[in-house]
Amino acid sequence: MRCAAMTVDVDRDVNIAEKGRIGGVSREKDGKTSPRYKSAAKGLKMIVSILDDLGIQGTFFIEAETAEVLSKTIDLRGLLRSHEIAAHGIIHEDLTGTDTGIKLSARQVEDVVVGSSTALRGLLRRKPVGFRAPYLHIDDSVLQALAQEGYLYDSSVIRRQDKGEIYPYRVFGPLIEAPISSGVDKEGKKIVSYLWPLHERERDVRDYEHMVSKFSAGLLVLATHSWHMVESYKDGVLAEKKVAENANWVRTIIQGAIDRGVEFMTIEEYIEEHMGD
Ligand SMILES: [Zn+2]
């Protein structure tokens with residue numbers, strides 16, 4: 001069976017980890033790197049509209065501070081009512097300290113893991129069961145904290161498809177890893193199911209269509225950022241024509257997968273349906 005989950009990280013615009021600072025900043029704009037959320041908000045509405053149009057439920061990994069800021073101008077709870085809500089840190093913490101150089105204590109990691117869930121529950125009245133680490137920076141101590149705090153799954157690992165197959169797997173106790181995956185493109189080069197290079201205009205739709213055509217079984221976790229519809233690292237805030245192009249590409253990739261018989265669902269739904277004990 002071929003299933004796919006469209007997953008969207010909803011976090012501060014064009015985020016970057018900064019040395020000596022636990023939380024993420026935004027790419028420099030007008031001389032400032034303080035976190036911004038405008039592109040995240042606009043892109044979120046666009047992606048939800050595409051998914052709703054196609055009758056698909058997505059999985060949204062929402063950073064707590066972004067949720068708080070967006071809630072001031074958007075009815076986030078209403079917007080995402082038919083989609084899965086999952087956690088993505090409180091202030092986009094680099095949990096492993098790989099880029100910030102700050103190694104968090106076990107207690108600090110636990111505070112982020114618990115706090116990101118509590119904040120979303122307060123704002124959106126639903127308990128997230130999934131987690132994606134900011135920058136995909138994950139290690140055993142983070143996974144252990146997730147297992148201990150009762151999360152159902154993590155989705156921060158990139159794993160290679162085996163002959164087009166890729167499945168979630170158990171990590172610690174009941175905790176499941178639902179990996180983002182990599183396949184090969186037409187030239188035999190590695191391509192990851194994260195749409196990042198598409199929105200940075202380093203890859204085109206056909207590369208992803210090829211990847212989907214080679215996917216043969218399991219759960220294909222497609223991933224993107226809501227702000228990436230509107231802003232890129234390379235070009236900053238995009239002209240409306242390019243924004244529309246981004247929306248078109250995402251729709252084309254999902255529609256193409258549906259046409260090939262791939263069934264879209266949330267990660268939570270996949271785990272419940274296919275990994276029950
Ligand atoms: Zn993020």
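As the structure lists them, so they are numbered: ligands from 1, and atoms in each ligand from 1.
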Lys/Arg N to Asp/Glu carboxylate O, Asp53 vs Arg251, below 4.0 Å: yes
Ring-plane angle category for Tyr233 and Trp196, please: parallel below 30°, perpendicular beyond 60°, tilted otherwise. parallel
Between Asp75 and Arg81, is the closest basic N to carboxylate O distance under 4.0 Å? no
Run the salt-bridge test on Lys234 and Glu202 with the 4.0 Å N-O cut-off and return the result as yes or no. yes
Pair Arg203 + Asp185, salt bridge at N-O below 4.0 Å: yes
Relative to the Zn ion (ligand 1), how many protein N, O or S atoms have a separation of less than 2.8 Å? 3
Does Lys127 come within less than 4.0 Å of Glu268, counting only side-chain N to carboxylate O? no
